[in-house]
Amino acid sequence: MNKQILTYSAARKFQVCHKAYHNRYLENLVPLEQDDALFLGSIIHECLEVWYKKKATGAEINRLIDEAYSLRDSAERQKRDWHLARAMMKGYCSHYDQEQFEVIETELDFRVPIINPRTGRPSQSFELMGKVDGLVRLGGEYFILEHKTAALITGDYIEKLPMDFQVNLYAIALGRERQIPIAGVIYNVIQKSKIRQRQGETEDQFELRRQDLIRKSKTGKTSAKRQIPESDETFQKRLESVYEAPGMYARETLYLSKADMDRTEQELWEITQEILSSRRRKHWSQNTDSCFRYYAPCMYFPLCRAHDNPNIKENLYTKRPPHSELSVSESRIF
Ligand code: SF4
């Protein structure tokens with residue numbers, strides 16, 4: 001019997017909200033509007049792959065970014081992320097021109113059994129599948145290389161990393177697939193700058209501001225000039241200077257303990273059992289505490305709020321096979 005595929009993302013979504021898991025992995029629903037933050041993250045991952053795999057030049061990396069944001073001249077959001085991706089990668093390649101570790105492989109696929117920790121026997125229903133950003137050797141030991149783009153690199157962010165379910169899971173999976181001991185993980189974090197290209201003022205906006213300044217001025221005059229839009233070249237240089245600061249990058253090497261691995265293996269097994277139970281009962285509970293995690297609504301909020309109204313489903317969502325980046329038969333992925 002073919003086993004169902006479980007990925008980290010699917011397991012995580014189920015942990016967060018069973019209903020969200022059902023919408024994404026059984027109904028295959030995604031919002032019609034793509035999450036641009038996720039797209040930027042995936043472009044940076046692609047760039048890092050070619051940087052580490054082929055030691056691509058700056059021009060090659062820029063070409064890749066240019067192709068990804070081919071609509072940047074007409075789409076404002078594309079233009080913004082295009083600038084950001086170029087500056088991030090230029091800064092990164094200069095900051096990490098020399099590495100301490102040896103890159104063994106990048107973008108490693110794995111497909112391994114999920115083991116029942118109590119009996120030591122593989123699940124009859126699920127297999128674990130995924131992709132690891134990189135495998136490197138440092139001081140004679142193997143480490144997973146995990147790239148992340150973050151809105152802000154804070155102490156809290158670094159502090160929480162050892163609890164990261166994903167890397168523990170990937171360490172177990174890769175160790176099982178390659179039959180090698182994974183000592184730990186190297187987190188490679190790049191911060192996303194929040195600075196924006198100055199848009200300048202229209203004649204009307206300038207006139208309003210000028211009148212306001214005159215009203216507030218004791219002399220009844222102002223020397224204010226109309227703000228001119230910032231050119232692409234000037235903005236790119238300003239962004240590049242942001243990425244010259246070492247604080248925009250963070251590297252954290254963590255050793256994974258057997259206790260972490262055992263806990264993760266147990267957790268994974270429990271998730272598979274709970275998914276099977278939900279499917280048997282045809283019940284996918286809603287975790288309403290998660291509807292606004294990270295101060296943004298869940299992608300299924302409009303649908304849940306409308307009690308799964310078919311019109312909302314049709315107008316705001318489309319169907320996309322889950323995990324299309326992983327090359328398996330879509331119908332078998334859960
Ligand atoms: S909106 Fe809330 S209840 Fe609905 S799927 Fe998202 S997290 Fe779950």
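Each ligand, and each atom within it, is numbered from 1 in the order the structure gives. Starting from 1, each residue takes its place in the sequence as its number.
- Taking the six-membered ring where tryptophan is involved, the planes of H18 and F14 are essentially parallel, since the angle between them stays under 30° and well short of 60°.
- For ligand 1 and C17, the ligand atoms under 4.0 Å from any heavy atom of the residue are 3 (S), 5 (S), 7 (S), 8 (Fe).
- A salt bridge links E207 to R210: one of the charged nitrogens lies within less than 4.0 Å of a carboxylate oxygen.
- Using cut-offs of 30° and 60° on the angle between ring planes, the pair Y69 and F39 is perpendicular.
- Here the protein heavy atom with the shortest distance to atom 3 (S) of ligand 1 is Q286 CB, 3.6 Å.
- Nearest to atom 6 (Fe) of ligand 1 among the protein's heavy atoms is C298 SG, 2.4 Å.
- Within the model, atoms CG of N116 and OG1 of T119 stand 3.5 Å from one another, a figure rounded to the nearest 0.5 Å.
- Ring planes of F235 and H83: perpendicular class, angle over 60° (limits at 30 and 60°).
- Atom 2 (Fe) of ligand 1 has C291 among its coordinating residues (N/O/S atom, backbone or side chain, under 2.8 Å).
- Near A20, the atoms of ligand 1 lying under 4.0 angstrom from a non-hydrogen atom of the residue are 5 (S).
- For atom 4 (Fe) of ligand 1, the set of nearby N, O or S atoms under 2.8 Å includes one belonging to C304.
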